[in-house]
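This report concerns only the one structure given below.
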Amino acid sequence: MGKKVRVRFAPSPTGYLHIGGARTALFNYLFARRNGGVFILRIEDTDVERSSKELSDVIIEDLKWLGMDFDEGPIYQSERLEIYRNVAEKLVEEGKAYRCFCNKEELERKREEARKKGVPYKYDGTCRNLTEDEIKRNLRENKPYAIRFKVPQEGIIRFKDVVQKKIEVKCSELEDFVLLRSDGYPTYHLSCVVDDSEMGITHVIRGADHISNTPKQILLYRALGRDIPKFAHIPLILGPDRTRLSKRHGATAVSKYREDGFLPEAFAYFLALMGWSPRTNKKILTMDEMIELFDLKDVVKTNAMFDLKKLEWINGKFISSLPPERLLPDVVNVLKKYNLFREEFLGEKRDWFLKGIDLLKIRYRRIEDFATLGRAYFSDDFSYSEEGIEKYFKKDDALMDALVEILNEYSLLDELDLEMSEKILRSVAEKYGVKSGDLIGAIRVMLTGHVVAPGIFDVIEFLGKDRVLKRLQRGIQFLKSYGKE
RNA sequence: GUCCCCAUCGUCUAGCCUGGCCUAGGACACCGGCCUUUCACGCCGGCAACAGGGGUUCAAAUCCCCUUGGGGACGCCA
């Protein structure tokens, strides 16, 4: 029996939650839930300059939107500074780390030099072998210092990544990396290792960009005498140009997709599909189903490219399959955004509103579509599409007569329902020798503004007698003056 | 440049570990067709890949080596 699984998502609040981070969080979350483990949120805000509380709040909000709730945390590293300092000092006492008095300018110069020469830069170890006296003098002079880890000169670090292959790096490739900066703040390596081990993290699931950090951290675990967790480095997400997805590829913030009308269920599933193979014939999976199926063994090694088309397809699938009640709040929001919302949609017309969502959802891929493509269903203020006019507004006497007769017949009815509206239309079409398709097409554009719509009789029933008559009148007027010859 | 990792349709991937069932499967996208009052949905069909070269073997997408290509890391950022 292994230990209880404990994983963490550890973003640094120097920007919004981006797609890559969200997916890392998701894999951690799925893994934790699948194994009855604990999912912890840790905020790595040790870079005071760039971190902010606002940003970490937004990240938490985005995680929750995606349906990921954490069991412990958020733990802020900025509140644990004392711990890291103590560990660093202890390492110095034990001779496993040392004070480095080199100043930044000096180091920058050496790095620059190395770059010019085209040789790989590595800290030269100037302060590694300082004598006791030199150290004392520096200290007495109050020279600022950083603490560096003393990397063994020889040996090979090997680890078996859960996702990748066996990875091995020679110690000679590693430099004496900084643990504690001269301002007293820990670097990533220190705070990460200290926290992971103190929090009892069993599996470190993170982006493949961290692979090269792992050997250093393993060394640190050893120096500290702590258990080394399992590592799972998941492949990166690439933009269309095959480089790591970043701001310049456009929208990378999760919040942007939320605003653009993507459903959290859809977005999470899409994220999971980049780098994970659920091995099932099911096309769409909910979060619970993903949890059921998730296994790190099914995480692939190759980087994935972000494919918006697929996201949209998945989103469309979710929109189609979700009950209108679930879609309602999102549709309300987007209608508000477009100034199409009316209070009665949530009041006396709620059922009618739900019916509308249900009618439309199967052909929409974004929530936004309810307000754009679906404008005519919720507002009387809409125009006819070019395509609609072109295709169905033909000047034709028989068509015109039929339209007028339909208008009359409809107005005689108490209520326009699905059956009656169709019965009347079909008989009028026959009477005037007009193809019912042409008649329906023209009416569709008059009622909805588009050539694309749900079944016309559904639309008629949904809009109701009053609106149908008004729109028909308006349409007939329009046809008289602007119809195509 | 140095080190590390990766390599199947345009894209996401199955198959690779434990060679033969692979004339390489699925999905998105794309293109046809059916259904239909339109579109969408749905259904049917099509296009399309083992990066290249050497081995090993009776047999290689699967194992080994090289080349090429791609990505990542080389900070007192995380």
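Protein chains get the first letters and strands the later ones, always in sequence-line order, with residue 1 at the start of each. These values consider heavy atoms only, across backbone and side chains, with no hydrogens, waters or symmetry-generated copies.
Here, B:C16 and B:C63 have their P atoms 9 Å apart, quoted to the whole Å. Of the P atoms belonging to B:U36 and B:A27, the separation is 25 Å, rounded to the nearest Å. Taking atom P on both nucleotides, B:G10 is separated from B:A49 by 7 Å, rounded to a whole Å. Taking atom C1' on both B:C43 and B:G70, the two are 39 Å apart, rounded to the nearest angstrom. Atom name C1', nucleotides B:C22 and B:A61: the rounded distance is 8 Å, in whole Å.
Checking B:C77, B:A78, B:A7 against the side-chain heavy atoms of A:Arg50 singles out B:C77 as nearest. Distance from the side chain of A:Ser277 is smallest for B:A14 among the nucleotides B:U37, B:C76, B:A14. The side chain of A:Arg181 lies closest to B:C77, out of B:C39, B:U37, B:C77.
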Polar pairs (N or O, both sides) under 3.5 Å between protein and nucleotides 16-19 of chain B?
none

Each nucleotide N or O in nucleotides 27-34 of chain B that has a protein N or O under 3.5 Å away: list the pair and distance.
unit_1, atom_1, unit_2, atom_2, d
B:A29, OP1, A:Arg365, NH1, 3.2
B:A29, OP1, A:Arg365, NH2, 3.2

All N/O contacts under 3.5 Å from nucleotides 68-71 of chain B to the protein, with atom names and distances to one decimal?
unit_1, atom_1, unit_2, atom_2, d
B:G71, O2', A:Asn303, OD1, 3.1

Report, one pair per line, the protein and nucleotides 49-51 of chain B atoms (nitrogen or oxygen only) whose separation is under 3.5 Å.
none

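A donor-acceptor contact shorter than 3.5 Å links the side chain of A:Arg363 to the backbone of A:Ala453.
In this structure A:Glu368 satisfies the salt bridge (Lys or Arg N to Asp or Glu O under 4.0 Å) test together with A:Lys337, sequence neighbours excluded. Residues satisfying the salt bridge (Lys or Arg N to Asp or Glu O under 4.0 Å) criterion with A:Glu108, sequence neighbours excluded, are A:Arg111. The ring pair (Phe, Tyr, Trp, His ring centres under 6.0 Å) test applied to A:Tyr29 returns A:Phe39, not counting sequence neighbours.
Taking 4.0 angstrom as the limit, A:Thr46 places none of its side-chain polar atoms (N or O) nearer than this to OP1 or OP2 of B:C77.
Under the Watson-Crick or G-U wobble criterion, with both distances below 3.5 Å, B:A7 is paired with B:U68. With both pairing distances under 3.5 Å, B:A24 is matched to nothing as a Watson-Crick or G-U wobble pair. Base pairing of B:U38 is not made with any nucleotide, judged by Watson-Crick or G-U wobble geometry with both donor-acceptor distances under 3.5 Å. When both distances must be under 3.5 Å, the Watson-Crick or G-U wobble mate of B:A73 is B:U2. With a cut-off of 3.5 Å on both Watson-Crick or G-U wobble distances, the partner of B:G19 is given as none. Partner assigned to B:A59 is none, using Watson-Crick or G-U wobble distances below 3.5 angstrom.
As judged by a 4.0 angstrom heavy-atom cut-off over every strand, A:Cys102 is placed among the base-contacting residues. Within the nucleic acid shown, A:Gly316 has no heavy atom closer than 4.0 Å to any nucleic acid atom. Counting non-hydrogen atoms under 4.0 angstrom, A:Pro186 reaches the backbone sugars and phosphates but no base.
For the pair A:Tyr410 and A:Ser421, the tightest heavy-atom approach, listed with the atom from each and the gap, is OH-O, 2.8 Å.
Looking at residues 160-177 of chain A, you'll see A:Gln164, A:Lys165, A:Lys166, A:Ile167, A:Glu168, A:Glu173, A:Glu175 sit with a heavy atom under 4.0 Å from some atom of RNA chain B. Within residues 212-223 of chain A, the residues approaching RNA chain B are A:Ser212, A:Asn213, by heavy-atom distance under 4.0 Å.
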All N/O donor-acceptor pairs, side-chain side in residues 354-361 of chain A, below 3.5 Å, sequence neighbours left out:
unit_1, atom_1, unit_2, atom_2, d
A:Asp358, OD1, A:Lys361, NZ, 3.4
A:Lys361, NZ, A:Ser320, O, 3.1
A:Lys361, NZ, A:Leu322, O, 2.7

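Taking for each of A:Gly275 and A:Ile211 the nucleotide of RNA chain B with the nearest heavy atom, the 5'-most of the two is the partner of A:Ile211.
Within the structure, ring-ring contact (aromatic ring centres under 6.0 Å, His included) pairs that include any residue of residues 295-317 of chain A comprise A:Tyr257-A:Phe306, A:Phe270-A:Phe306 (at least two apart or interchain). Every pair passing side-chain hydrogen bond (donor to acceptor under 3.5 Å, both in side chains) that includes a residue from residues 426-438 of chain A is listed here, sequence neighbours excluded: A:Glu405-A:Lys431, A:Glu405-A:Tyr432, A:Glu422-A:Arg426, A:Arg426-A:Ser436.
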